[in-house]
Amino acid sequence: MLASRNWGGYPFPNRIADRFSEKFARLHGAKYGLAVANGTVAIEIALKAIGIQPAEEVIVPAYTWEGTVAPILLLNAVPIFVDVDSDTYCLDAKLIEQAVTPRTRAILPVHLAMRFADMDAIMRIARAHNLSVIEDCAHAHGGKWHNKGAGATGDLGCFSFQSSKLMTSGEGGGVITSNLEYYERAQSYVNCGRASATDRFHHRLIGFNYRMTEFQAAILEAQLARLSRMAKTRQANMDYFEKRLRGTPGLDFLKRNSGHTRVAAYQYVFKYLPERFGGVPRAAFLGALDMEGIPCEGVFYEPVYRSALFPVKPAEFPALSWRRSEPLDLKMHYRCPVSERAAYEESVWLPHHIFLGSRKDTDDIADAVLKVCENIGELRGFNHPAIEIKMMSRSERPRIEKRQY
Ligand SMILES: Cc1ncc(COP(=O)(O)O)c(C=O)c1O
């Protein structure tokens, strides 16, 4: 690749990026794939591909990374927050229908951490109301729903290859679909508005340069070859870890929808129930666990409407005011109790890479969790910088985050 002197994303689709995207799409059971600059623009591209119009509404889970939501606003469309299911921490399908309005255009479920949103229910609702479905699969490379790959059940699937993800090129993203018209529009949008390779639908739009470089694609090809082996190791260790923790009073575990036939865990997430530990807050548990050498987070995500990274002002996003007597105040309008409890009280996030070691390494992680649980009384009223850090959201401590990866 280096010697070829053909480093960029142009001519588009470039050689390795095209080969990688095709393999990646095939692995997930979609016809077409596109390698792009990152996961945030992957979502923007998918929204453009379905032809989203200003002021149309997109239903999103409240509990996710801000990058799921920002592209909706960027395209002058309107995100509508819906709470997550406490069993999975993914979009609660039971709450979607009450959020549908005549302006709803799409549902954007996120397969969060180690679980899938209930795609059967979501597709049923989407069909009934003629909505598109865009799956945010930033955490779900190689995961399956009814034995079909992540992103291939909805109209489009969006992936991230950012450093922390299950496959990474430092930065990077992917879009998959089986719909040629969407694929063509996505290609044009990524490649400065140029016609797509097939150009059957003759869509012309203002595009950007969102192409992936050949360097990134070459790295991802190598990663793709390792994905399934790494997933097996990770899953075996996570299963063993959960087995060791089950039955521990005060800990609870996420459940899996029956359609979720293969787990791809970006983070192992479980619940610490503070009321069962005499009110000792999660931050104390996490701080102690960190001091035992186990990387862990609590406020990994916040309900997006409460996040410091979501300073949305209606004046900057005109669609929030259109055809409304008052602008939609995205920061004040929503309260999603399950998302809030997950974010600020109970969720514990352990990064996937710590589960790539041996059984002994996994025992070390489980031993540390059990040790902190058994001695939780010592943490009552205790203060320590390690605990204070765990109370902050990740957006509040960029310097620490810089050291993380
Ligand atoms: C759920 C989710 N969606 C979207 C993104 C955006 O991906 P990227 O960081 O590659 O832009 C991320 C990545 O952090 C994510 O976790």
Side-chain angles (χ1 to χ4, degrees), residues 9 17 20-21 24 33-48 58-75 79 81-82 84 88-91 106-117 133-143 150-151 154 156-176 190 208-213 216-217 219-220 223 264-269 297 299-305 307 309-310 339 342-343 347 349-353 393-395 398 401-402 404-405:
F20 164 70
S21 327
F24 190 76
L34 207 54
V36 302
N38 59 60
T40 310
V41 299
I43 291 170
E44 183 189 331
I45 293 157
L47 289 163
K48 271 314 263 194
V58 181
I59 291 173
V60 288
Y63 189 45
T64 181
W65 172 238
E66 291 78 355
T68 307
V69 182
I72 301 169
L73 285 166
L74 195 74
L75 295 173
F81 293 114
V82 165
V84 295
T88 59
Y89 287 165
C90 295
L91 185 61
I107 309 174
L108 208 169
V110 180
H111 303 314
L112 198 83
M114 57 194 270
R115 291 293 174 252
F116 266 49
V133 176
I134 296 171
E135 296 175 67
D136 182 343
C137 308
H139 300 176
H141 315 68
L156 296 114
C158 302
F159 293 82
S160 164
F161 303 120
Q162 176 266 345
S163 321
S164 70
K165 300 302 188 304
L166 293 173
M167 288 176 57
T168 181
S169 46
E171 303 288 354
V175 179
I176 62 169
V190 166
F208 296 90
N209 173 5
Y210 284 155
R211 299 179 300 250
M212 175 181 276
T213 70
Q216 290 165 289
I219 290 168
L220 288 170
Q223 302 237 326
Y266 163 60
Q267 299 255 335
Y268 182 88
V269 174
E297 288 295 345
V299 201
F300 191 84
Y301 292 142
E302 292 181 80
V304 173
Y305 53 80
S307 164
L309 300 185
F310 196 68
S339 300
S347 71
W349 294 62
L350 306 179
H352 64 89
H353 58 81
S393 74
R394 293 190 308 151
S395 58
E401 215 171 45
K402 256 185 205 154
Q404 213 173 2
Y405 294 105

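One is the number of the first residue; the rest follow in order along the sequence. Counting convention: from 1, in listed order, for ligands and their atoms alike.
For ligand 1, none of its N or O atoms has an N or O atom of Gln162 under 3.5 Å away. Residue His139 places at least one N or O, backbone or side chain, under 3.5 Å from an N or O of ligand 1. Considering backbone and side-chain atoms together, Phe161 places no N or O closer than 3.5 Å to any N or O of ligand 1. Of the N or O atoms in Lys165, one or more lie within a sub-3.5 Å distance of an N or O in ligand 1.
Heavy-atom separations between Tyr301 and ligand 1 include at least one value shorter than 4.0 Å. Under the 4.0 angstrom criterion for non-hydrogen atoms, Gly172 is in contact with ligand 1.
Once rounded to the nearest 0.5 Å, the distance linking CD1 of Ile59 with CZ of Phe81 reads 12.0 Å.
With a heavy-atom cut-off of 4.0 Å, Val110 touches ligand 1 through its side chain alone. Under 4.0 angstrom from ligand 1, the non-hydrogen atoms of Thr64 all belong to its side chain.
Residues Val60 and Val304 are not in side-chain contact: their nearest non-hydrogen atoms beyond the backbone lie 4.5 Å or more apart. Between Phe159 and His141, the closest side-chain pair of non-hydrogen atoms falls below 4.5 Å. A 4.5 Å side-chain heavy-atom check between Glu44 and Tyr210 finds at least one atom pair inside the cut-off.
Protein heavy atom at the shortest distance from atom 5 (C) of ligand 1 is Trp65 CD1, 3.5 Å. Atom 11 (O) of ligand 1 has its closest protein heavy atom at Thr40 OG1, 2.5 Å. Looking only at protein heavy atoms, the nearest one to atom 4 (C) of ligand 1 is Asp136 OD2, 3.5 Å.
Of the candidates Pro61, Ser163, Ala138, it is Ala138 that places a heavy atom closest to atom 15 (C) of ligand 1.
Separation of the Phe24 and Phe161 ring centroids falls under the 6.0 Å cut-off.
Counted by atom type alone, Glu135 and His111 present one or more donor-acceptor pairs between their side chains at under 3.5 Å. Side-chain N/O atoms of Ser339 and Tyr301 include no donor and acceptor closer than 3.5 Å.
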